[in-house]
Amino acid sequence: MTHNALFGKLTRSAFEHGAIVMGAGILMLLIACAVIGFLTYTKRWKWLWKEWISTLDPKKIGVMYLIVVILMIFKGLIDAGMIRAQQALAVGAAQGYLSADHFQQIFTAHGTTMIFFVGMGIVFSVSNLLIPLQIGARDVAFPFLNSLSFWLFAAGFLLLNASLAIGDFSACGWVGYPPLSELEFSPGVGVDYWIWSVQITGIGSLFGGLNFFATIFKMRCPGMTFMKMPVFVWAMLATMVLILFAFPILTATLLMLSLDRLMDMHFFTASGGGNPMMYVNLIWAWGHPEVYILILPAFGIFSEVVATFSQKRLFGYVSMVWAIIFITFLSFIVWLHHFFTMGASANVNAFFGAMTMLIAIPTGVKIFNWLFTMHHGRIHFTTPMLWFLGFVFIFTIGGMAGVLLSIAPFDFQVHNSLFLVAHFHSVIIGGVVFGFFAGFTYWFPKFTGFVLDEKLGKWAFWLWITGFLLAFMPLYILGLMGATRRLSHYDAGTGWQPYFIVASVGVILITIGVGFQVLQVFHSWRWREKYRTDTGDPWNGRTLEWSTASPPPLYNFAHVPEVHERDAFWASKHRRSPIPPYEDIVIPKDTPIGMIIAAWSFVLGFAIIWQIFWLVAVSMLGLILSAIYRLSEKETEYVFPAKQVFRIEHGDRYAP
Amino acid sequence: MNTEIAMHPNLALHHEETYEKTVFGFWVYLMTDCLLFGSLFATFIVLSHATFGGPSGKEIFSLPYILAETFVLLTSTYTCGFLGFAARKKEKTKTLLWLFVTFLLGLTFVVMEVREFVLLVLEGNGWSRSGFLSAYFTLVGTHGTHVSFGLIWMLVLFFQILFRDFTHDIRRRMMCLRLFWHFLDVVWIFIFTFVYLFGVI
């Protein structure tokens, strides 16, 4: 590739694409234009800047994470549909509608999107929205860092999407194994796009992990000891510990791969003394904890949902906590099961296999505890509860497939096959995605003041679960028949086509299910007066977040709650205590610097990808100067007067 | 108006809480940084024999030079301790002086390291030569980058103290800077041992 001082490797050809990518790019451009037009027409720019871009309020930041998550779910779903459509068509003489290279970019984008932007987005969305409220805190430990984390996440998201219009994306799978991802075999900018979008968003996740770890450690309200925290908070604490241990490894690994590509180093190259298997070890030393980073919050959500909708305290709180801790510990000593076929000795494989099987024990404990919570409870079969039951069914299938895979000799047979794909989609969709939907429905009224329509929600659930079974059960069979993953074409003689067609039908049903969810949100919003909750506690909740108004005021709690037992709000419902006088509350001032630093990071990433060296220097300088500017601000907080708290809590009429 | 806000009792309490939270958070950050270095150390150890026909550590490291570099950094940690004492007593001149001395020593360290790197590259033993040299440059360079960021941090603090005196912000940042500087020292001890000492033996 040629290199030019002004534009680096960026030439006109970077903007030339085939019809499908062109269409996607134009669609993206049209959506952007529509949003800009709408904002200008309704004169909302100032509102956007002041209320959202500059905000340090974790509740608003949580909502912004949610918006990115929802956008990325659509993108990931479209990718999935394109993959399955290609596989249903491209058999024998038919070549399908995608080129092999484009197909590879799509499955890479699908994995990257779903793990880094949907999965991690969900983790930090629920953290921002719920951790402060559940521990009785008014804010997170580091409000500015929180805003920076979100905007770094958003910068990574933009970089990933920019690859659609400018240049191309990685074709090396979502974990980018070398030597394929090295410059020698992937000379384009695709892998660089992958590295830097993941690197920037990963650093945001690391900051987020640090922030919420400190929040849970230092900001719990008086009386809330560790063993009085809701199980959701326990699950999030374990998640943050995993993030703190795992993400630095990812940062280092991506740095080294990037140095290989940009500076001709030899960490993972096939020649020059490099060691590609070291990359595989490092990426999974991060990657395995990563899957628990995704699933533990879902376990936390289900623990809240099951207890509330069974109107009963959670069964086996202490064993739940220890199960979480045990899973956290084990998740760091199983990474080798991702590559049993590397050729480690039988003893090494046996050790990692045995450790993997051990994880089934604490997970089983949790499943049984949830079921025992339902036992003799007053169960309300609401939509969140349906998602929970769907989770138990599908996650258990996926979990048992996982135990099969942990047996190294069996793994040798189905390594890299669709059996594996079916396994991890069972646990990730059945676990993380269903958990997210359960939590979304459960906490939706907390932040909007109205509940979601149950009937449409149930339709969405049944479509999703039927679609899921059709889309992934055939994949277990295909995997056992020998179909490897990531195939853009296969022979008719294999007899695989009918299964791929059934899987495609499943994807269509899931898509209709998603349509029902969109309709559900829109319909409930349209008739929100009908769905409004007067008390702010529509489900007869147990934990502190339900004790404040819905949606919660800026400061969360007018009085910092005091906790004496688990399920503090549930207990306080049976007690009446006089209201003490309100106090002045210190609140951090909003600032757009977090967004500005992230914007420079985006430019830096873009400049490195296209090797525009002057822009690398400029953006580095911009980054450092923005940080110094932030450090020079004098008063970063203000006092919210007690009088105003009174007004918000009691309405204007009673103001003193 | 501003002084009134600064004197608000809730705000004073809030600053105290912020100090405690920030120092805790900074410790946590240092631990994540420790893991980053841990990954690079592990990589270095795996690749330490991957010389691919190029030189090994024994042929290119000059232990006396590295020892001098080490002493410069260790001395800067020592002066950083004095910096802490002076800052705690809020002695402005002394604080600025120790900050300046620590900065100069840190800068000397970085310059010495860059000189070592440049000489290696000029001799044809750059980072592209072998896996071993890639790992060497990345590990030691990452430490050097951290030290350089520490230097920028010191400059910013220097001018903030010069123009603004000891606010609660300065007190907090001074504490974090000292933790950062001591942490980099500990990392360097490991680099000295595992990269240079073991490399030459």
Worksheet item: T215(A), L631(A), L282(A): which one forms the most heavy-atom pairs within less than 4.5 Å of chain B?
Response: L631(A)
Discussion item. Heavy-atom cut-off 4.5 Å, strictly under: side chain, backbone, both or neither for F268(A) against chain B?
Written reply: neither
Worksheet entry | Which of S39(B), G126(B), G53(B) touches chain A most, by non-hydrogen pairs under 4.5 Å | S39(B)
Fill in: Minimum heavy-atom distance R178(B)-C80(B), with the two atoms named
CG-SG, 3.7 Å
Worksheet item: So does E20(B) pair up with K218(A), basic N to acidic O under 4.0 Å?
Response: yes
Worksheet item: Where does L250(A) contact chain B at under 4.5 Å (heavy atoms): side chain, backbone, both or neither?
Response: neither
Worksheet item: By a 4.5 Å heavy-atom criterion (distance strictly below it), what part of S632(A) contacts chain B: side chain, backbone, both, or neither?
Response: both
Practice prompt. Answer with side chain, backbone, both or neither: which region of F267(A) has an atom nearer than 4.5 Å to a non-hydrogen atom of chain B?
Written response: both
Item to complete: Name the option with the most non-hydrogen atom pairs under 4.5 Å to chain A; the candidates are D169(B), T167(B), T51(B), T22(B).
Response: T22(B)
Worksheet item: What part of M278(A) is in contact with chain B, defined as an atom under 4.5 angstrom from a non-hydrogen atom: side chain, backbone, both or neither?
Response: side chain
Item to complete: Measure distances from F37(B) to the heavy atoms of chain A and classify the residue's part below 4.5 Å as side chain, backbone, both or neither.
Response: neither
Practice prompt. Describe, in one word, how the ring planes of Y136(B) and Y196(B) are oriented to each other, choosing from parallel (under 30°), tilted (30 to 60°) and perpendicular (over 60°).
Written response: perpendicular
Practice prompt. Determine whether the aromatic ring centres of F109(B) and H143(B) lie less than 6.0 Å apart.
Written response: yes
Worksheet item: For atom CZ of F332(A), is the number of surrounding heavy atoms from other residues, nucleotides or ligands below 6.0 Å larger than 12?
Response: yes
Worksheet item: Should the heavy atoms of other residues, nucleotides or ligands under 6.0 Å from NZ of K90(B) be counted, would the total exceed 12?
Response: no
Practice prompt. Assign the ring pair F153(A) / F150(A) to parallel, tilted or perpendicular, where the plane angle (0 to 90°) is split at 30° and 60°.
Written response: tilted
Fill in: Under 4.5 Å from any heavy atom of chain B - which part of L244(A)
both
Item to complete: Classify the angle between the aromatic ring planes of F82(B) and Y78(B) as parallel (below 30°), tilted (30 to 60°) or perpendicular (above 60°).
Response: perpendicular
Worksheet, complete the sentence: If you tally heavy-atom pairs under 4.5 Å between each of T636(A), D260(A), V586(A), T269(A) and chain B, the highest tally belongs to V586(A)
Discussion item. Less than 4.5 Å to any heavy atom of chain B: does that hold for the side chain of L206(A), its backbone, both, or neither?
Written reply: side chain
Discussion item. Report which part of L259(A) has an atom under 4.5 Å of a heavy atom belonging to chain B: side chain, backbone, both, or neither.
Written reply: side chain
Discussion item. Please classify the contact between L35(B) and chain A as side chain, backbone, both or neither, with a heavy-atom cut-off of under 4.5 Å.
Written reply: both
Worksheet item: Do H49(B) and F132(B) have their ring centres less than 6.0 Å from each other?
Response: no
Practice prompt. Name the region of I152(B), side chain, backbone, both or neither, that has any atom closer than 4.5 Å to a heavy atom of chain A.
Written response: side chain
Practice prompt. Determine, using ring centers only, whether F24(B) and F217(A) are less than 6.0 Å apart.
Written response: yes
